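The next block holds one structure in the form of structure tokens; read it before the comments.
As a basis for the values below, the full set of heavy atoms in this structure was taken, side chains included, without hydrogen atoms, waters or symmetry mates. Quick caveat, the model's predicted, so the values are computed rather than measured.
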Amino acid sequence: MKSLLIVALFFLVSAHISYAQNFKSELKKLDSEIRSAYKSKKLTELEYTKLQREQDVIQATIEKAQADDIMTPDEKNKIHSKIVRAKKKLAKYKTNREIY
């Protein structure tokens, strides 16, 4: 009975860890998407610099939130919303055919 309880607790903890938000990996993935879109000429230089500036702001926000080793739900929500906003801008810029 004890071993069953230990195994169940182990799976519960591992599932919780696997669903935790990893903002740095999301930011790295978004950065690679931005770079590849710029290399394939889907983004203009102006759009690329705007997205890079936004990446820097998100990175600074993550570092600020992790400064005290505790991320509150409010901090997590703000970071997540900034990442989602950047993804939406990237999608909009990729399909935008305006010439600056």
Checklist entry - When rounded to the nearest 0.5 angstrom, what is the spacing between NZ in K87 and CD1 in I34? => result 10.5 Å

Checklist entry - By the rule that ILVMFWY residues connect when side-chain heavy atoms come within less than 4.5 angstrom, directly or transitively, which residues belong alongside I70? => result none

Checklist entry - CD of E26 to NE2 of H80: how many Å apart, nearest 0.5 Å? => result 7.0 Å

Checklist entry - Rounded to the nearest 0.5 Å, what separation is found between the NZ atom of K24 and the CG atom of D31? => result 13.0 Å

Next on the checklist: With no hydrogens and no angle check, just 3.5 Å: does a side-chain donor-acceptor pair link Q55 and Q59?
Outcome noted: no

Item to check | Shortest non-hydrogen contact between L51 and Y93, atoms and distance | outcome: CD1-CD1, 3.8 Å

Checklist outcome for this item: Rounded to the nearest 0.5 Å, the CD atom of E54 sits from the CG atom of D56 at a distance of 10.0 Å

Checklist outcome for this item: The reported gap from NZ in K39 to OG in S32 (rounded to nearest 0.5 angstrom) is 10.0 Å

Item to check | Atom pair CD (E45) and OG1 (T49), whose distance is rounded to the nearest 0.5 Å | outcome: 6.5 Å

Checklist entry - Which hydrophobic side chains are connected to F23, either touching it within the sub-4.5 Å cutoff or through other members that do? => result L27, I58, I62, M71, I79, I83

Checklist entry - Does CD in E63 sit with more than 12 non-hydrogen atoms of other residues, nucleotides or ligands closer than 6.0 Å? => result yes

Next on the checklist: side-chain contact (heavy atoms from CB on, under 4.5 Å) for K89 and E47? Distances and angles first, verdict last.
Outcome noted: CA-CA 9 Å; K89 276 187 181 180; E47 293 168 340; over 6 Å; no

Next on the checklist: Do R35 and Y48 have side chains that approach each other closer than 4.5 Å (heavy atoms only, starting at C-beta)?
Outcome noted: yes

Next on the checklist: Would N96 and L43 count as a side-chain contact (heavy atoms from CB on, under 4.5 Å) here? Give the steps.
Outcome noted: CA-CA 9 Å; N96 186 9; L43 296 177; over 6 Å; no

